[in-house]
Amino acid sequence: MKWLKGLLINIQFFTAIPVKAALPMDQEHLEKAVKTFPVLGLIQGGLYIFLYYAVLQWTPFSALTAAFVLWLAGILITGGIHLDGWMDASDAFFSYRDREKRLEIMNDPRVGAFGVLSVLVLLSARFFFIYEITQQVEPWSYFLAGLIPFFSKTVMGVLLLKVPGAKKEGLGALFQNAANDRTLMMYPVYILAVLSAGIAFHQSWMGVILFAVVSALMLSVFKRKLIGWFGGMTGDLLGASTEGTELVLWMTLWLFHYFAMV
């Protein structure tokens, strides 16, 4: 029951799906929330791919329409919460100021020019990859596309535990203070379960392994850069890392369609 409440906390915090229940926010339930980050990713991915498949297979609409529906679903279902972090982190990074000033910029509710430009680039690139994939979609494409939020949320959970906080308050600190290293013990189990499911789909197991490798590389890069550029982790930086990981995974899936059959 606590596991389920932890998952509901994630849905309440990180999606626009209405959860009207009054959920406990004590340390034990927040720890369960961190433990179920990847499960939240699977739920999100399942919703995205259901809509994507439905438009492609059950309607007369074009591939462009299906790509747009999938692209838009990623924004609407999350409520843009991670995009907000991406914009704030971009404004702070491109200010080229010291760590303290960068953290101060991220606290500013206003969005600067760099934040706007960076989110336009991010969303444009994501749409490009989705549309290209749609043009040459395979049965395994749906499965792997649905795993992109799973791996991005896995990266988010590991960063939360493995990168020290840059601030003592905020959403990131709230979850970080509730979790511990044992929280991550379920993550390899989730990945093995996903890999086992991938074996049932033609070529999907290769894609799952590729996604895991790319996610591990992104995790390594983010761990170094978050400390070097910002002095640690914040909620905005976790959101930016999630968006960055998803973009790279979309690019990976796009390239996989070109080279998997070679």
Side-chain angles (χ1 to χ4, degrees), residues 3-4 6-21 33 36-83 122-123 125-157 190-208 210-212 215 242-243 245-254 256-257 260:
W3 185 92
L4 178 58
L7 179 58
L8 289 174
I9 289 171
N10 286 335
I11 295 173
Q12 196 174 63
F13 267 92
F14 300 112
T15 78
I17 300 170
V19 177
K20 297 182 179 180
T36 55
F37 278 176
V39 180
L40 173 65
L42 284 177
I43 293 172
Q44 288 178 266
L47 291 173
Y48 300 160
I49 298 311
F50 172 78
L51 293 171
Y52 183 52
Y53 182 88
V55 174
L56 269 181
Q57 303 296 329
W58 301 337
T59 75
F61 296 123
S62 66
L64 178 61
T65 304
F68 177 74
V69 167
L70 176 55
W71 175 84
L72 188 62
I75 300 171
L76 296 181
I77 291 177
T78 63
I81 185 171
H82 298 314
L83 290 174
L122 174 79
L123 293 176
R126 184 191 297 173
F127 184 79
F128 168 78
F129 295 137
I130 292 173
Y131 179 67
E132 282 273 296
I133 292 166
T134 305
Q135 291 290 91
Q136 47 189 323
V137 70
E138 300 284 348
W140 44 265
S141 304
Y142 302 106
F143 179 76
L144 292 179
L147 292 182
I148 288 176
F150 165 80
F151 278 103
S152 70
K153 289 298 188 295
T154 300
V155 169
M156 185 174 81
Y190 296 143
I191 294 173
L192 286 175
V194 164
L195 179 58
S196 299
I199 294 173
F201 293 87
H202 177 57
Q203 291 188 331
S204 291
W205 65 272
M206 291 189 294
V208 173
L210 181 60
F211 275 10
S215 297
T242 301
E243 290 291 348
T245 300
E246 290 195 5
L247 182 63
V248 173
L249 289 175
W250 277 116
M251 182 181 70
T252 302
L253 183 56
W254 169 62
F256 191 64
H257 280 79

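Being a predicted model, the structure only gives us computed values, none of them experimental. Position 1 is the first residue of the sequence, and the numbers go up from there. Note that these values count all heavy atoms, side chains included, but never hydrogens, waters or copies made by symmetry.
Residues passing the side-chain hydrogen bond (donor to acceptor under 3.5 Å, both in side chains) test with Thr59: none are found, sequence neighbours excluded. In terms of the ring pair (Phe, Tyr, Trp, His ring centres under 6.0 Å) criterion, Phe150 has no residue partners (sequence neighbours excluded). Partners of Tyr131 under the ring pair (Phe, Tyr, Trp, His ring centres under 6.0 Å) rule, at least two apart in sequence or in another chain, do not exist in this structure. Taking the ring pair (Phe, Tyr, Trp, His ring centres under 6.0 Å) definition, one finds that Phe68 meets it with Trp71, sequence neighbours left out. A search for side chain to side chain contact (heavy atoms under 4.5 Å, CB included) contacts involving Thr65 returns Val55, Phe61, Ser62, Val69, not counting sequence neighbours. Not counting sequence neighbours, Ser215 has no partner by the side-chain hydrogen bond (donor to acceptor under 3.5 Å, both in side chains) test. In terms of the side-chain hydrogen bond (donor to acceptor under 3.5 Å, both in side chains) criterion, residue partners of Ser141 (sequence neighbours excluded) are, by chain and number, His257. Under the side-chain hydrogen bond (donor to acceptor under 3.5 Å, both in side chains) criterion, Tyr142 pairs with Gln57, not counting sequence neighbours.
Counting all heavy atoms, side chain and backbone alike, Thr134 lies closest to Tyr52 at OG1-OH, 2.5 Å.
Between Tyr190 and Phe151 there is no side-chain heavy-atom pair separated by less than 4.5 Å. Under the 4.5 Å side-chain criterion, counting only non-hydrogen atoms from C-beta, Phe127 is not in contact with Leu123.
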Under 3.5 Å, which donor-acceptor pairs do the side chains of residues 41-51 form with other protein atoms, sequence neighbours left out?
{"residue": "Gln44", "atom": "OE1", "partner": "Lys153", "partner atom": "NZ", "Å": "3.1"}
{"residue": "Gln44", "atom": "NE2", "partner": "Tyr48", "partner atom": "OH", "Å": "3.2"}

N/O donor to acceptor pairs below 3.5 angstrom from side-chain atoms of residues 246-254, sequence neighbours left out:
{"residue": "Glu246", "atom": "OE2", "partner": "Ser152", "partner atom": "OG", "Å": "2.8"}
{"residue": "Thr252", "atom": "OG1", "partner": "Val248", "partner atom": "O", "Å": "2.8"}
{"residue": "Trp254", "atom": "NE1", "partner": "Glu132", "partner atom": "OE1", "Å": "3.1"}

Which pairs would a plain distance check flag for residues 75-83, meaning a side-chain donor or acceptor within less than 3.5 Å of a matching protein atom at least two apart in sequence or in another chain?
{"residue": "Thr78", "atom": "OG1", "partner": "Gly74", "partner atom": "O", "Å": "2.9"}
{"residue": "Thr78", "atom": "OG1", "partner": "Ile75", "partner atom": "O", "Å": "3.2"}
{"residue": "Thr78", "atom": "OG1", "partner": "Gly80", "partner atom": "N", "Å": "3.2"}

